Undergrad: 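I have a structure I would like to understand better, so I am pasting it below and will then ask my questions one at a time.
Indexing begins at 1, ligand by ligand and atom by atom, following the structure's order. Note: hydrogens, waters and symmetry copies are ignored here, and every other heavy atom, side chains too, is used. Small disclaimer: the values here were computed from a predicted structure and weren't measured.
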Amino acid sequence: MRNMYDAIVLGLGGMGSATVYQLARRGQRVLGIERFTPGNDRGSSHGQSRIIRKSYFEDPAYVPLLLRAYELWHQLERESGQQLLRPTGGLMIGSPTSQLLQGSMRSAREHNLPHEILDASEIQRRYPVLTPAPHEIALYETDAGVLQPEACIHAHLTQAAAHGAELHYEEPVLQWEANGEGMLVTTASGSYHAARLVITAGSWLPELMAGLGLPLHVERRVMYWFTPQGGAAPFNPSHFPIYIWEVDDGHTFYGFPDMGGLPAGVKVALHSIPDDICTPETLDRSMRPAEIARMRTYLTGRIPALSQGAFVAGLACMYTLTPDGHFIISAHPQHPAAILSATCSGHGFKFASVIGEILADLALNGATPHPIGLFAPTRFTTGR
Ligand SMILES: Cc1cc2nc3c(=O)[nH]c(=O)nc-3n(C[C@H](O)[C@H](O)[C@H](O)COP(=O)(O)OP(=O)(O)OC[C@H]3O[C@@H](n4cnc5c(N)ncnc54)[C@H](O)[C@@H]3O)c2cc1C
């Protein structure tokens with residue numbers, strides 16, 4: 001049959017690029033289809049930097065996946081001959097009873113991860129630009145660092161192509177359907193048949209899967225870049241770590257060292273404060289003075305060099321959220337030859353390398369040795 005593939009991957013962002021790489025590496029005849037350009041800024045995987053860390057406050061069940069994700073990022077670095085993961089160390093800052101500290105300490109202890117607990121004066125002694133409140137502490141983790149998302153996507157795609165993957169860009173998928181034993185995918189410029197389909201469409205997934213009633217919604221989130229007052233030297237990644245900070249109102253913000261590149265400046269963002277519910281079509285990409293002011297409020301008294309710094313730029317991005325913040329990875333309930341992945345909820349990028357491995361396992365074998373029980377969509381219907 002014309003255009004018969006072993007697998008089609010729909011959407012080549014963070015997760016899809018890793019999946020085509022994994023499938024092509026296993027000798028599969030794979031087609032990847034992306035509606036925009038490689039490493040585009042239309043979805044959830046743009047903006048220069050993503051945190052990677054191991055002492056996972058969200059749930060210790062993620063730690064084995066993280067250990068494998070690190071291995072696979074390093075494998076991709078070796079194959080592509082470029083650094084993608086910059087180790088910087090990481091601070092989880094908050095009161096000792098905060099969810100962030102409690103959860104991070106639990107993961108670190110259960111999985112024997114190297115870490116240190118620092119009190120407020122030790123945090124400030126090591127990182128003078130941070131001024132925590134006297135009751136706040138930090139879990140410091142050596143292995144945390146920064147992934148460059150656009151470079152990771154390019155590296156996965158380049159290696160996938162080197163292993164024989166066919167990659168189509170600027171070709172939106174219009175529909176897909178089960179067809180005989182496999183799946184038929186129709187795009188703006190053709191139709192393709194494959195034994196398996198992996199849907200890694202990020203924030204477009206809720207629309208593509210509207211009939212399934214998955215409890216997913218998409219929210220806008222903004223990344224902000226500020227020029228530090230007093231200069232960027234204290235934020236140099238050779239001695240300044242990534243950090244996540246849970247403040248006493250229960251919300252978290254996070255930030256990075258000065259990574260160079262564009263936008264220039266030091267990046268910070270609010271993680272937990274709800275923003276507009278949107279779709280990829282209705283996402284407001286404008287920067288609103290009131291929310292820049294709100295970002296400064298969270299920095300005030302905590303990182304004065306940034307709260308008093310000049311605002312340089314902001315970029316809007318999308319979180320695709322589940323009610324409990326954990327991912328959804330599953331075969332389609334009616335069409336087991338289609339595998340879906342909703343692996344955002346604002347913390348998915350670091351896992352992209354291992355999600356690619358998991359999705360390739362599921363597409364080829366119907367099962368994976370990785371522990372993914374936490375991500376079954378049945379948890380929303382049967383209760384967990
Ligand atoms: C502001 C922000 C900060 C974040 N910070 C972190 C962090 O520090 N650490 C971390 O681990 N994670 C973080 N995340 C989450 C992480 O970035 C996401 O989990 C990850 O990028 C999701 O990747 P994806 O492949 O699911 O989506 P995307 O990368 O958006 O890819 C989906 C792709 O599918 C394509 N597509 C959709 N529909 C079609 C169609 N019909 N036809 C063809 N192509 C289609 C889209 O064009 C897009 O390229 C953050 C997210 C945001 C928004």
Side-chain angles (χ1 to χ4, degrees), residues 8-20 31-53 56 58 62 65-66 69 73 85 90 144-150 152-153 156-157 167-176 185-189 198-209 216 218-224 242-244 252-256 267-271 275 278-281 283 314-321 325 327-329 340-356 359:
I8 292 176
V9 178
L10 192 174
L12 299 178
M15 308 303 153
S17 59
T19 310
V20 279
L31 168 65
I33 311 178
E34 166 56 49
R35 73 187 314 150
F36 300 122
T37 51
N40 66 75
D41 64 359
R42 303 287 90 187
S44 306
S45 298
H46 56 290
Q48 192 190 79
S49 48
R50 289 290 183 273
I51 292 176
I52 182 164
R53 58 196 155 87
Y56 221 59
E58 290 87 341
Y62 286 91
L65 297 175
L66 286 162
W73 287 122
L85 195 173
V146 182
L147 288 163
Q148 289 175 266
E150 294 91 348
C152 291
I153 291 172
H156 269 140
L157 293 174
L167 305 174
H168 293 189
Y169 300 111
E170 299 183 89
E171 185 173 338
V173 170
L174 303 178
Q175 65 175 60
W176 62 272
V185 173
T186 307
T187 71
S189 42
V198 183
I199 303 176
T200 43
S203 296
W204 286 262
L205 190 74
E207 286 165 39
L208 274 169
M209 291 294 141
L216 289 170
V218 177
E219 268 184 37
R220 174 178 176 274
R221 283 292 189 287
V222 174
M223 303 170 266
Y224 305 86
I242 63 95
Y243 58 90
I244 303 179
T252 45
F253 71 97
Y254 61 94
F256 295 82
K267 179 174 148 185
V268 289
L270 292 165
H271 176 60
D275 201 329
C278 66
T279 68
E281 286 70 39
L283 170 67
L315 284 175
C317 180
M318 288 176 287
Y319 278 10
T320 307
L321 291 156
F327 308 147
I328 292 176
I329 298 180
L340 6 147
S341 133
T343 35
C344 188
S345 281
H347 63 115
F349 196 88
K350 61 183 80 62
F351 296 95
S353 58
V354 68
I355 297 289
L359 294 174

Undergrad: Below 4.0 angstrom from a heavy atom of Ala201, which ligand 1 atoms are there? Numbered from 1 as shown, please.
TA: 32 (C), 34 (O), 37 (C), 38 (N)

Undergrad: Any atoms of ligand 1 less than 4.0 Å from a non-hydrogen atom of Phe36? List them with their elements.
TA: 47 (O)

Undergrad: Can you name the atoms of ligand 1, numbered from 1 with element, that are less than 4.0 Å from a heavy atom of Tyr319?
TA: 2 (C), 51 (C), 52 (C), 53 (C)

Undergrad: Show the atoms of ligand 1 that are less than 4.0 angstrom away from any heavy atom in Gly43.
TA: 30 (O)

Undergrad: Could you tell me, atom by atom, which parts of ligand 1 come under 4.0 Å of a heavy atom of Pro172?
TA: 42 (N)

Undergrad: Out of Gly202, Ser45, Gly13, whose heavy atom sits nearest atom 23 (O) of ligand 1?
TA: Ser45

Undergrad: Heavy atoms only, cut-off 4.0 Å: how does Phe349 contact ligand 1, side chain, backbone, both, or neither?
TA: both

Undergrad: Between the side chain of His347 and the main-chain N/O of Gly325, is any donor-acceptor distance below 3.5 Å?
TA: yes

Undergrad: Given Glu34, Arg42, His168, identify the one with the heavy atom nearest to atom 47 (O) of ligand 1.
TA: Glu34

Undergrad: Looking at Ile33, is its backbone amide N or carbonyl O close enough to the side chain of Glu171 to form a donor-acceptor pair, meaning the two atoms are under 3.5 Å apart?
TA: no

Undergrad: Please could you name the atoms of ligand 1 that Ile33 approaches to less than 4.0 Å, counting only its heavy atoms?
TA: 43 (C), 44 (N)

Undergrad: Can you report which non-hydrogen protein atom sits closest to atom 30 (O) of ligand 1, along with the distance?
TA: Ser44 N, 2.9 Å

Undergrad: Mark the output for Phe351 as yes if a heavy-atom distance to ligand 1 is under 4.0 Å, and as no if none is.
TA: no

